[in-house]
2 protein chains.
Amino acid sequence: MESLGNPTRLRIYRTLVRAGFDGLPVGGLQQRLEIPASTLSHHCRKLIDAGLVTQERNGTTLICRANYKAMSALIGYLADECCADGRCEDVETAAVA
Amino acid sequence: MESLGNPTRLRIYRTLVRAGFDGLPVGGLQQRLEIPASTLSHHCRKLIDAGLVTQERNGTTLICRANYKAMSALIGYLADECCADGRCEDVETAAVA
DNA sequence: ATGCTATTTCGATATTCATGGAAATACTGA
DNA sequence: TCAGTATTTCCATGAATATCGAAATAGCAT
């Protein structure tokens with residue numbers, strides 16, 4: 001959760017989410033976001049450690065993908081227990097909207 | 001979003017979410033979480049600034065409440081754009097589960 | 001007004017975090 | 001093996017953050 005607390009990291013993550021299942025190579029992220037390679041690498045590492053992102057080697061490039069399972073778990077965690085008094089139907093519907 | 005990046009703050013927020021619409025006075029949080037008053041106050045302030053928590057005075061105590069609207073917006077933001085390629089039905093269903 | 005409780009602000013400190021250049025490593029193709 | 005590209009690790013630095021005791025403020029009851 002704290003992995004997404006950093007604006008840069010949130011940007012990286014959302015970019016990957018948008019990229020979908022094809023993912024993006026680190027270099028692609030670098031171009032798109034204009035972040036120095038080493039900084040980008042640090043952030044990716046954190047996202048990977050947090051389980052929000054996975055990497056797969058494809059020849060000389062590393063493909064990064066958002067881990068949708070982890071994201072849904074995160075969303076579930078946030079929405080969890082908020083409906084004890086039955087007053088947050090809006091939260092549920094908003095989540096699917 | 002970064003307001004929830006801090007573990008202590010996340011704990012505070014979840015406690016308030018669980019407390020529901022009745023909310024909790026600052027002192028109640030303090031007892032429950034065993035955090036020094038000043039530290040707690042700082043964190044509450046940040047949550048309030050972020051719009052995730054609201055406060056209302058009730059005599060000599062301040063009642064804190066989780067702002068469900070903000071939470072649903074946050075969830076929506078996370079879930080947003082993740083379904084461009086139509087492959088994350090699981091995310092949607094998980095959110096409501 | 002005065003005392004009492006709840007909460008915030010002040011001030012100071014230690015720690016963590018983000019950042020990025022330079023060097024190292026990983027892989028591919030010739 | 002060598003050259004070339006992609007990515008990470010090393011290292012250092014400045015900035016932001018978390019923490020909390022002590023003092024200040026706010027509101028209520030007497």
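Lettering of chains follows the sequences in order, A, B, ..., and the numbering in each one begins at 1.
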Any side-chain N or O of [X] under 4.0 Å from OP1/OP2 of [N]?
X: B/R9; N: D/dT17; answer: no
X: A/R45; N: D/dT7; answer: no
X: A/S41; N: D/dT7; answer: no
X: A/R57; N: D/dA6; answer: no
X: A/S38; N: D/dT8; answer: no
X: B/T8; N: D/dT19; answer: yes

Does the side chain of [X] reach to within under 4.5 Å of the side chain of [Y], using non-hydrogen atoms?
X: B/L78; Y: A/L4; result: yes
X: A/M1; Y: B/L10; result: yes
X: B/R32; Y: B/L24; result: yes
X: A/H43; Y: A/Y13; result: no
X: A/L16; Y: A/V53; result: yes
X: B/L33; Y: B/T15; result: yes

May I ask you to say what [X] touches in the nucleic acid, namely base, sugar-phosphate or nothing, with a heavy-atom cut-off under 4.0 Å?
X: A/T61; answer: sugar-phosphate
X: A/H43; answer: sugar-phosphate
X: A/Q55; answer: sugar-phosphate

Tell me the interatomic distance from [X], atom [atom1], to [N], atom [atom2], rounded to whole angstroms.
X: B/I35; N: C/dT7; atom1: CD1; atom2: C1'; result: 15 Å
X: B/Q31; N: C/dT7; atom1: CD; atom2: P; result: 10 Å
X: B/E2; N: C/dC17; atom1: CD; atom2: C1'; result: 13 Å
X: B/N58; N: D/dA26; atom1: CG; atom2: P; result: 18 Å
X: B/Q30; N: C/dT8; atom1: CD; atom2: P; result: 10 Å
X: A/L10; N: C/dA18; atom1: CG; atom2: C1'; result: 15 Å
X: A/L47; N: D/dT8; atom1: CG; atom2: P; result: 12 Å
X: A/L40; N: D/dT9; atom1: CG; atom2: P; result: 13 Å

Inset, instruction - Select from A/T39 and B/K46 the residue whose nearest nucleotide in DNA chain D is closer to the 5' end of that strand. - result: A/T39
Inset, instruction - Report yes if a donor N or O on one partner sits less than 3.5 Å from an acceptor N or O on the other, where the partners are the side chain of B/H42 and the base of D/dC20; otherwise report no. - result: yes
Inset, instruction - Classify the side chain of B/T60 versus the base of D/dG27 as yes if they form a donor-acceptor pair under 3.5 Å and no if they do not. - result: no
Legend entry - Which residue lies more 5' along DNA chain C, comparing A/G59 with A/G5 via nearest heavy atoms: A/G5
